[in-house]
Amino acid sequence: MDALVEVSGLTKRYGETVAVDGVDLTVLAGEVYGFLGPNGAGKTTTLRILTGLIAPTSGRVRVLGGRPGESAVLGRTGSMIESPAFYPYLSGLDNLRLLAEYAGVERRRIDEVLELVDLAERAKDRFSTYSLGMKQRLGVAAALLKDPELVILDEPTNGLDPAGMRGMRRLIRELGSGGRTVLLSSHLLGEVQQICDRVGIINAGRMVAEHNVDELRGEQELVVRAAPEQQ
Ligand code: ATP
């Protein structure tokens, strides 16, 4: 199977702080890969490197066969890193229209992604009236506009209420079953167990384990130590 993300020896330092410390990570085509770890483990830093937002200090990173940030790679990757920024007084639809215009995406695709994220009925309402879960789903819709092969989501359920979490998890499962490759970060063991095929566990900047999701049960203790907050 093709590897869409190949990372080896990835390190990112901020002065004395080693945010990411020699991480190896492979995401295969068609899988939903969970990047699990507690707050401050280095998840966001790693995903920011993979999406070309920041440069690594050292290590090898290949995304879709190229370097993060290259236009050919960006065009085939959709991402939501931290909370997405939208214009509060524009509707969800108009926010997506602006992004679609910028990205050269056909209008038709906007309707498709709004359906996918279950926002079609509220599309004409102002963004500021959306619940946090709806805002996050609009962020995923924006990430899907270019019909990307690879979708990278940083803690997409963070801060959501139970209904919002269920909606987001359902959406991610649908993306996976539709054949899309998804890399998501989470600090919730139960969440990655529900929605992922494979899980890499990061703690204090280092990968401590990698498992098929059905092997996680045997490593419960290790996982819980690395990611104590469960949902
Ligand atoms: P969270 O779930 O809280 O977002 P995380 O696993 O995503 O956690 P990171 O945000 O990647 O973790 O942070 C890893 C470490 O790097 C933390 O100690 C953090 O304080 C540090 N760090 C991250 N970004 C910077 C920065 N720009 N400058 C200095 N230190 C940073």
Side-chain angles (χ1 to χ4, degrees), residues 5-27 32-63 67-69 77-85 132-133 135-137 139-140 142-143 150-162 164-165 168-169 171-172 181-196 198-211 213 216 219-231:
V5 176
E6 293 173 278
V7 170
S8 60
L10 180 68
T11 296
K12 179 70 181 178
R13 289 199 187 87
Y14 292 103
E16 296 287 290
T17 307
V18 187
V20 177
D21 190 5
V23 160
D24 298 334
L25 177 71
T26 303
V27 180
V32 177
Y33 187 99
F35 195 32
L36 178 70
N39 290 340
K43 306 181 297 296
T44 301
T45 304
T46 302
L47 299 187
R48 287 171 72 85
I49 292 169
L50 293 180
T51 48
L53 290 170
I54 55 172
T57 305
S58 59
R60 182 177 184 273
V61 184
R62 304 294 283 174
V63 178
R67 280 203 301 269
T77 309
S79 62
M80 181 171 75
I81 307 291
E82 292 155 323
S83 294
L132 190 57
K135 289 176 176 169
Q136 294 288 87
R137 294 209 304 281
V140 177
L150 173 66
V151 180
I152 298 178
L153 304 173
D154 186 23
E155 303 217 34
T157 63
N158 207 12
L160 302 188
D161 63 20
M165 281 195 172
M168 180 59 76
R169 289 172 186 169
L171 170 58
I172 294 166
T181 307
V182 183
L183 166 58
L184 76 131
S185 69
S186 175
H187 60 267
L188 303 172
L189 169 63
E191 174 166 282
V192 297
Q193 281 178 317
Q194 275 177 38
I195 61 181
C196 298
R198 235 154 39 92
V199 177
I201 303 166
I202 185 170
N203 197 17
R206 293 175 182 234
M207 292 298 278
V208 291
E210 191 171 71
H211 294 288
V213 79
L216 269 176
E219 297 280 356
Q220 198 88 349
E221 202 186 317
L222 174 66
V223 175
V224 171
R225 256 205 327 270
E229 295 161 74
Q230 294 190 52
Q231 193 81 30

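As the structure is a prediction and not an experimental result, all values here were calculated from the model. Atoms within a ligand are numbered from 1 in the order they appear, just like the ligands themselves. Residue indices begin at 1 and follow the sequence shown.
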In the protein, which heavy atom is nearest to atom 12 (O) of ligand 1, and how far is it? Gly42 N, 3.1 Å

Measure the distances from the heavy atoms of [X] to every atom of ligand 1 and state whether one is below 4.0 angstrom.
X	value
Gly40	yes
Glu155	yes
Gly15	no

Going by atom types only, do Asp24 and Ser8 share a side-chain donor-acceptor pair under 3.5 Å? no

Would you check the N or O atoms of [X], main chain and side chain alike, for any that come under 3.5 Å of an N or O of ligand 1?
X	answer
Thr44	yes
Thr46	no
Ala41	yes

Apply side-chain contact (heavy atoms from CB on, under 4.5 Å) to Phe35 and Val192, showing your working. CA-CA 8 Å; Phe35 195 32; Val192 297; over 6 Å; no

Report, in ascending order of atom number, the atoms of ligand 1 lying under 4.0 Å from any heavy atom of Pro38. 6 (O)

As an exercise, identify every atom of ligand 1 less than 4.0 angstrom from a heavy atom of Thr45. 9 (P), 11 (O), 13 (O), 23 (C)

Under the criterion side-chain contact (heavy atoms from CB on, under 4.5 Å), I'd like the reasoning laid out for Leu153 against Leu183: C-alpha separation, chi angles, the key distance, then a yes or no. CA-CA 6 Å; Leu153 304 173; Leu183 166 58; over 6 Å; no

Apply side-chain contact (heavy atoms from CB on, under 4.5 Å) to Thr44 and Glu82, showing your working. CA-CA 8 Å; Thr44 301; Glu82 292 155 323; 3.6 Å; yes

